[in-house]
Structures are given as structure tokens and as C-alpha cells.
Amino acid sequence: VYAGMTIAARKAELGFKRGGEVAAINVDLGDTVEAGQLLAKLDTRALESDLRRSRSEQVFAQANRRAARADTELAGNTERRVRALRTQGNVSQQSFDEAHLQFQASKARLAVADASVGRAKAAVEAIEVALAEAVIRAPFGGVIQARNVDEGSQIGPSVPALSLVETSKREAHIGIPEGAVASLEIGRFYTIKWQNTDAKGRLRSILPEVNPNTRTTTAVFILQEQNIPLGAVVELSLRERIPGKGYWVPIGALTAMDR
């Protein structure tokens, strides 16, 4: 009989990527949450103001680009007409040079306008990313194990605000002696005992390293029974064949006695 412990298949310490003041915590200890559910958010009023300003600047930049594009189109048409007239000798070289340089300057202004639009768009996207990082959503379904902050608290980047434990998938990690590992078969179901409960566990993997203190290898079982609490001590019974010398005798030749 080998002992081990049940653990959650997944556990996450959840925090904000950016620091700030906590505006809302929507869950409490023991609450069951679904994947994608909003758990907490920071005060984003300043970011929302920045976003409105950046969007206005983006609209302004787009309008400037449209004007620059129209100027460039007009300058291009003018340059082509003057070029044709110059070929016929109807305008001076000076007039052609002015039309040509005006066209080149218009194209440069259009390039600047394009860059301004790109910069304004990037500013809007950066603030949108900051707003998205000002909330915590559940990466998977589970139960809130810990709540470390309340509304109004100041919290730094990557500081754990909540702890989430997945309860739909549970594992049993059991230490197996080196000599018994060979008898295990990946993918096979084994009986895992907890108190008076027998549960089926599918052997998912055997970790490669041997624990230097216990000289055991950890076998990871996926439990089919979800009622076994996390952190419970469970047991695995393995039948081992031990070779030895002996004799075959009739059952009737044996007598029960205490040793």
C-alpha cells in the first residue's frame, strides 16, 4: 500500500499586469466561477479619459490624411498637365519645376499624414490593451481559494489578488518505490482508496525523477471520483509477485494458528 495526496489539476495565482487602485472584487472565498468570468477590476477612469482623447486624435489624423491625399492628387494632376505643356513649349522650365516640386512636397506631406494616423492608431490600441489588463478574468472554471485584496486597496503589478483552484479535474500524486514502478502501466485504471471510498484513477504519467529522501517516484493518477477533497491522503494498493522457494501442499494439510 502506497500513500499519496490529491491535488488540483490546475491552480492559478491571479493578479493585475498593471498596478492601481482596486475598484471591484466580484467574488469571495469559496465562490464557484466559470472560465472567462470577470473576477476583479481596477479603477480605469484615467485610462478611459486617455482613450477618448486618443480616439479624437485618431479622427483628427485621419482627416488630415484625407486632406493630404486630396492635395497630392491635385498636385499630381497639375504636374502632369504642366509636363505636357512643357513638352509643347507652352510653359517655362521654371513653371514645370514649381509644379514638379509641389507634387513631391505633397507626397511627403501625405507620408507624414499616414505616419500620424499609424501613431494615433497605436496609441488607441495601447490604451485598449491597458484597459484589458486592468481586469482579472478566470482562466478556467473552479473555486476561489484565496482573496488577498479588497476594494480601495492599492496593488502592484503581478501581485496575487486571488487564488483559483480547478475542481472539475483532480489528480492523485502517489510515491511508488523504484522497484514497483515497472509493474505500472500508463493509461490503466487503478483503485485509489480514501477513507471508506474506492475511486478509479487512470495512470496519466510517471515523473522521471526519484525523490532523494523517500527514494520513490511520483505516479500521477487522474481521479474519476470528484468527491474526494483536495489535499486528502489517499492510498494505492498494488499486488506484487515475490519469487521464492517452496512446496505445493494440499489445503487440508494446513492448520490456522497465530504467529
Short N-O contact, Arg137 and Glu133, less than 4.0 angstrom
no
Regarding His173 and Glu171, is there a side-chain donor-to-acceptor distance under 3.5 Å anywhere?
yes
I'd like to know if the side chain of Arg170 reaches the main chain of Ile228, judged simply by a donor and an acceptor atom lying under 3.5 Å from each other, with no hydrogens or angles considered.
yes
Check the surroundings of atom CD in Glu34: do more than 12 heavy atoms from other residues, nucleotides or ligands lie under 6.0 Å from it?
no
Among Leu238, Val234, Thr218, find the residue that satisfies the side-chain contact (heavy atoms from CB on, under 4.5 Å) test when tested with Ile174.
Val234
Could you check whether Lys193 pairs with Glu235 (Lys NZ or Arg NE/NH1/NH2 to Asp/Glu carboxylate O, under 4.0 Å)?
no
Is a donor from one side chain sitting under 3.5 angstrom from an acceptor on the other, for Arg86 and Gln93?
yes
Is a side-chain donor or acceptor of Tyr190 paired with a backbone partner of Phe221 at a separation under 3.5 angstrom?
no
Measure the shortest side-chain to side-chain distance between Glu151 and Ile25 over non-hydrogen atoms and say whether it is less than 4.5 angstrom.
yes
Check whether any side-chain heavy atom of Thr78 sits under 4.5 Å from a side-chain heavy atom of Phe103, and report yes or no.
no
Would you say the side chain of Ile7 lies within less than 4.5 Å of the side chain of Leu230, judging by non-hydrogen atoms?
no
Do Glu79 and Gln104 have side chains that approach each other closer than 4.5 Å (heavy atoms only, starting at C-beta)?
no
Is there a donor-acceptor pair closer than 3.5 Å between any side-chain N or O of Ser92 and the backbone N or O of Ser95?
yes
Report yes if the side chains of Leu39 and Leu14 come closer than 4.5 Å at any heavy-atom pair, otherwise no.
yes
Hey, does Val1 have a side-chain heavy atom less than 4.5 Å from the side chain of Leu236?
no
How long is the straight-line distance from CD1 of Ile222 back to CD1 of Ile192, given to the nearest 0.5 Å?
11.0 Å
Donor on one side chain, acceptor on other, Asn77 and Glu73, under 3.5 Å:
no
Would you name the heavy atoms of Ala219 and Ile176 that are closest together and state the gap between them?
CB-CG1, 3.9 Å
Does one side chain, of Ser106 or Arg109, offer a donor that lies under 3.5 Å from an acceptor on the other?
yes
Answer yes or no: is there a side-chain heavy-atom contact under 4.5 Å between Tyr2 and Pro177?
yes
Any donor-acceptor N/O pair, Arg147 side chain to Ile144 backbone, under 3.5 Å:
no
How close do Glu166 and Ala8 get, heavy atom to heavy atom, and via which atoms?
O-CB, 3.4 Å
Side chains of Asn148 and Leu162: closer than 4.5 Å at any heavy-atom pair?
no
Is Val159 linked to Val22 within one hydrophobic cluster, defined over Ile, Leu, Val, Met, Phe, Trp and Tyr using a side-chain heavy-atom separation of less than 4.5 Å?
yes
Using salt bridge (Lys or Arg N to Asp or Glu O under 4.0 Å), reason through Lys41 and Glu21 one step at a time and then give a plain yes or no.
CA-CA 9 Å; Lys41 65 176 297 185; Glu21 180 181 334; over 6 Å; no
Please report the shortest heavy-atom distance between Pro160 and Glu13, naming the atom on each side.
CB-OE1, 3.9 Å
Under the side-chain hydrogen bond (donor to acceptor under 3.5 Å, both in side chains) definition, can you give me all pairs with a residue in residues 58-70, not counting sequence neighbours?
none
Hey, are Gln94 and Glu98 close enough side-chain-wise for a donor-acceptor pair under 3.5 Å?
yes
Under 3.5 Å, side chain of Ser153 to main-chain N/O of Val149, donor-acceptor pair present?
no
Side-chain (Asp43) to main-chain (Arg45) donor-acceptor, under 3.5 angstrom:
yes
Determine yes or no for a side-chain-to-main-chain donor-acceptor pair under 3.5 angstrom, with Thr6 supplying the side chain and Ala232 the backbone.
yes
